[in-house]
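Remember, it's 1-based here, ligands and their atoms both numbered in the order they're listed.
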Amino acid sequence: MHHFNYHNGQLHGESVPIADIADQVGTPFYLYSAATLTQHFKAFDTPFSPIPHLSCFAVKSCSNLAILRLFAHLGGGADIVSGGELFRALTAGIAPEKIVYSGVGKTRAEMAYGLRERILQFNVESEQELEVLNEVAAEVGVIAPVSFRVNPDVDPKTHAYISTGLAKNKFGIPITEALPIYRQAAGMANIHVQGVSCHIGSQLTEISPFLESLGKLKKFITLLQEAGISITHLDLGGGLGIRYDQESPPHPDEYARAIMEEISELNCTLILEPGRVIVGNAGILVTRVLYTKQGPTKKFVIVDAGMNDLTRPSLYGAYHAIKAVDEHLQSTEIVDVVGPICETGDFLARDQEVPVVKSGDLLAVMSAGAYGFTMSSNYNSRPRVAEIMVEGEKFHSIRHRETYEDLIRGEDIPDFLQESSS
Ligand SMILES: *Cc1c(COP(=O)(O)O)cnc(C)c1O
């Protein structure tokens, strides 16, 4: 469910015609629907209400302050993977005691920042990281709340780049080898062991891998209890998939029911780290057609958004449905929708059925809310696009389109090059 629908032949974001937004802010831009974000957050979070739980939104999927603030208002926490994301989450008003810090390569400075802010939990991924965290916590003069990210060696059956819970992946500590590190941590002066964490991948469209890993986690928690280490927090990560095309991922209701059934006797606070499932279908990328061109073997639609603005198609071969903003463009054809970047990998769609368009027409790249803007870059010195949030009959700029000045901010020409060439 989302709020990007046709009314009177024109695609709207909630009650606002998208063409009107494009006229006012230019293209390309990301457009998010506040109603959809709210609805998706609640649809995910509410089914867990029978048990103590915390939904920590995965900031890396969509990190705009306005969106984080919206989730803060709904009681959400944050799952962060860098000091920069911690800064964003705190600036947006997410309470530190609702922030969990994931990631395989935290620096000492990032650890110190999280410790000073008294975040809920560090998800530690290696023995060396544990030792460093213990040292940094001693320097800061606090006790670090720790959970270990264990790797259950479960196949999430998703794209290789976003599978994280297999033995061959860089993430976590193999669950079969994790007991000694828990013992070690329990004896450390500035570490408080409180949890077990796991995140097996993204865009999962079946429940069984979640349950398989949960089964392994439960056995492991029993093992810990027998070793005298009690666990108060169980973090199941994120990863629930969405529908981009023909996928049929489980509804959050079904996901929640299956999990709650499994953990009823555990007596832990459940932490969840949803990203894509909340924002993926709550955002679109709006782009304008620049040119069309018939090549010897295929037709190209050249638009003003490129792989620097939405990288998922090039990076993962990901599919995004593409709709005409004007519903009257009904006939379709198979084309490549490509951007202006000097790379053959610069495409938003390949051999895909899209409406027949001409220069000046607007296209909506659907399901672009997650890993869209956050993965965008300035490649080819293209200013990053605007982000807009629609809310009922109004729309708001939540990030201005970058200017050329923004592009060179922070760059310096050293003294020895100051003299301009003659
Ligand atoms: C990326 C990530 C998430 C979010 O994944 P989604 O598929 O967007 O739900 C959650 N936890 C961790 C540790 C992650 O790396």
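The atoms of ligand 1 that sit less than 4.0 Å from any heavy atom of Arg149 are 13 (C). Atoms of ligand 1 lying under 4.0 Å from at least one heavy atom of Glu273, given by number and element, are 3 (C), 4 (C), 9 (O), 10 (C), 11 (N), 12 (C), 13 (C). For ligand 1, the atoms closer than 4.0 angstrom to any heavy atom of Ala58 are 3 (C), 4 (C). Atom numbering of ligand 1 starts at 1 in the shown order; those under 4.0 Å from a heavy atom of Gly275 are 6 (P), 8 (O), 9 (O). Close approach of ligand 1 to Ser102 (heavy-atom distance below 4.0 Å) involves ligand atoms 13 (C).
The side chain of Asp79, and not its backbone, has at least one atom closer than 4.0 Å to an atom of ligand 1 (non-hydrogen atoms only; side chain from C-beta on). If you look at Ser202 next to ligand 1, the close heavy atoms, those under 4.0 Å, come from the backbone and the side chain alike. The backbone and the side chain of Arg276 each have at least one atom closer than 4.0 Å to an atom of ligand 1 (non-hydrogen atoms only).
When only interatomic distances are considered, the shortest N/O to N/O separation between Pro274 and ligand 1 does not fall below 3.5 Å.
Ring pair Phe57/Phe71 is tilted by interplanar angle, where 30° to 60° counts as tilted. Using the six-membered ring where Trp is involved, His53 and Phe48 have ring planes that are tilted, between 30° and 60° apart. Tyr30 and Phe373 have perpendicular rings, their planes meeting at more than 60° on a 0 to 90° scale where under 30° would count as parallel.
For CZ of Arg350, the number of neighbouring non-hydrogen atoms (other residues, nucleotides, ligands) closer than 6.0 Å is 12 at most.
Remark: distances from the non-hydrogen atoms of Tyr371 to ligand 1 include one below 4.0 Å. Ligand 1 is never approached by Ala370 to a heavy-atom distance shorter than 4.0 Å.
Residues meeting the salt bridge (Lys or Arg N to Asp or Glu O under 4.0 Å) test with Lys219, sequence neighbours left out: none.
No donor-acceptor pair closer than 3.5 Å links the side chain of Asn151 to the backbone N or O of Ile173.
Taking atom 14 (C) of ligand 1 as the reference point, the nearest protein heavy-atom neighbour is Lys60 NZ, 2.8 Å.
Each of Ile51, Ile231, Val196, Ile263 was scored for a side chain to side chain contact (heavy atoms under 4.5 Å, CB included) with Cys268, with one residue passing: Ile231.
Between Thr158 and Thr205, every side-chain heavy-atom pair lies at or beyond the 4.5 Å cut-off.
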